[in-house]
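Letters A, B, ... are given to chains in the order of the sequence lines, protein chains preceding strands, and every chain is numbered from 1. Values reported hereafter were calculated over all heavy atoms of this structure, with side chains retained and with hydrogens, waters and symmetry mates removed. None of these values were measured; they are calculated from a predicted model.
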Amino acid sequence: MIKFSELGLSPKVLKAVEAAGYDTPTPIQAGAIPPALDGRDVLGIAQTGTGKTASFTLPMITKLARGRARARMPRSLVLAPTRELAAQVAENFDTYAEGSKLTKALLIGGVSFKEQEQLIDRGVDVLIATPGRLLDHFERGKLLLTGVQIMVVDEADRMLDMGFIPDIERIFELTPFTRQTLFFSATMAPEIERITNKFLSNPEKIEVERQNSTSDTITQVLVKHTPKRRDMSAKDKRAILRAIIERDGDECRNGIIFCNRKVEVDIVAKSMKKHGLDAAPIHGDLDQSQRMRTLDGFRDGTLRFLVASDVAARGLDIPNVSHVFNFDVPSHSEDYVHRIGRTGRAGKTGIAYTIAVPSDEKYLDGIERLIGKPIPEGENPWTPPGRKSDTPAAEEEERVPRKSRSRSRSRKASEETSEAAPAEAEAPREEARRDESRRDEPRRERGGRGRGRGLDRGPKVVGLGDHVPGFIEMSFEERREAERA
DNA sequence: AAAAAAC
């Protein structure tokens, strides 16, 4: 088997790699490092978690050891789609450029320009950036890209998804055509193909095993739930989430909970905290310093649960995540692979729960088609409370009596009416709305709640009311049939 | 349908 020492890296870099505890390169590293050191363009088709980052940082550090940066003219450039990924690449340079006197600057949005400008002014060997902030600096005339010898595009397919391709093209045009280009993408979409044909010259193509399959170190579990009413699914899912966490006990050392929407991330994080779980949200609407703090806390173990949007789905390297929860089934099936790939890393084992309601069925189909196997169904540890709960004030909505989830499929809507909604009936969407409206209000919780009830609740429920349309009541199988029809 | 990224 090939060793790092055989790839042609400088002794200093090798020492740093060794110090980090590595001696055998991953396939993408073994494939990309030698041609990169030779000055060739590299086209790497690889997912995150394949050791991709080191496959460009190590040869870059080796090559940049000679020469010195001039003011405002970085010698190399790394572009990443999200701020966190850019920061992670920067950390990677710190790890492996130890003792190499390499200067770098991280140009990402959400933080002040000033510090970034000062670094650029002094001259940097490596510039690591998200496209928006990079162009912003450029437009302010603070930055020249004509000295770029090596340019890296990381996660190009995600850049495509995020609409960054025009920016990337523009940045390419600002750098000298004599530059060396290292280009990484998980897939070769037509648009990606076009870009690589245009900007890479005779690249060495390295393709590592496509990871649309999921790692064996991850145990996948599907937890299905059919809510009594569709508008209760979010609340039910929060209860299911807590029940799983409680059941798994110490085995659930920590976890990432993925939601599809930012508001849901906030709601779930808040609800978990309310129930005494150590959780914090991360998504793109939170300010950057908070995002960093939260992520750092989760990395160093001071935060147990990270509630995240897909900003944290890809690429983030957090070792030792024991649990991943798909609070929402991702609608893009690739995201499923990325999300659960946050656990079971570096040979460790992990468990990935996916909580699904009947309307997720079509997405589940897509996911199972992609990963080529069904997600094994596990037991739903949560039983809807049938009596008054003994937790005061905690989640009052859950004290509502519920009928059993087993029911006959031919039940009529009229029968529902008598049974479903007693006087203290459910206020649908209540919690979400409260969280939303309170965001900017200093109002005390009690006051807000009381007001909400006065308006929205009453002996008679507004809107759907007691009537539940038949399709909402359908089970997974029934639903599947209905959709086929 | 949403998330991410520039002020």
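Aromatic ring centroids of A/Tyr336 and A/His338 lie 6.0 Å or more apart. Aromatic ring centroids of A/Phe258 and A/Phe325 lie 6.0 Å or more apart.
Look at NE2 on A/His338: it is 14 Å from C1' on B/dA4, rounded to the nearest Å. Rounding to whole angstrom units, CG of residue A/Leu286 and P of B/dA5 are separated by 11 Å. Distance A/Glu139 CD to B/dA5 P: 18 Å, rounded to the nearest Å. As a whole-Å value, the separation of A/Phe258 CZ from B/dA1 P is 23 Å. Taking atom CD1 of A/Ile108 as the reference point, atom P of B/dA4 lies 14 Å away to the nearest angstrom. Note: CG (A/Leu134) to P (B/dA4) measures 21 Å, nearest angstrom. Counting to the nearest Å, the P atom of B/dA4 and the CG atom of A/Asp335 are 11 Å from each other. Following rounding to the nearest Å, A/Lys262 (NZ) and B/dA1 (P) show an atom-to-atom distance of 16 Å.
The pair A/Arg170-A/Glu173 does not count as a salt bridge, with every side-chain nitrogen at least 4.0 angstrom from each carboxylate oxygen.
Applying the ring pair (Phe, Tyr, Trp, His ring centres under 6.0 Å) test to residues at least two apart or on different chains, none of the pairs has a partner in residues 141-170 of chain A.
Between A/Ser309 and the phosphate of B/dA4, there is a side-chain N or O to OP1/OP2 separation shorter than 4.0 Å. At the phosphate of B/dA4, neither OP1 nor OP2 sits under 4.0 Å from any side-chain N or O atom of A/Thr130.
Listed nucleotides B/dA5, B/dA6, B/dA4 differ in distance to A/Arg291; the shortest reach to its side chain belongs to B/dA5. Of the candidates B/dA2, B/dA5, B/dA4, B/dA5 carries the atom nearest the A/Arg83 side chain, counting heavy atoms from C-beta on.
The residue A/Arg158 sits apart from the nucleic acid: no heavy atom pair falls under 4.0 Å. Residue A/Gly110 is classed as a sugar-phosphate contact, given heavy-atom separations below 4.0 Å to backbone atoms only. Residue A/His332 is in base contact, counting any heavy-atom pair closer than 4.0 Å across all strands shown.
By the side-chain hydrogen bond (donor to acceptor under 3.5 Å, both in side chains) test, A/Tyr353 pairs with A/Arg247, A/Asp248, sequence neighbours left out.
Side-chain atoms of A/Thr82 and base atoms of B/dA4 include no donor and acceptor less than 3.5 Å apart.
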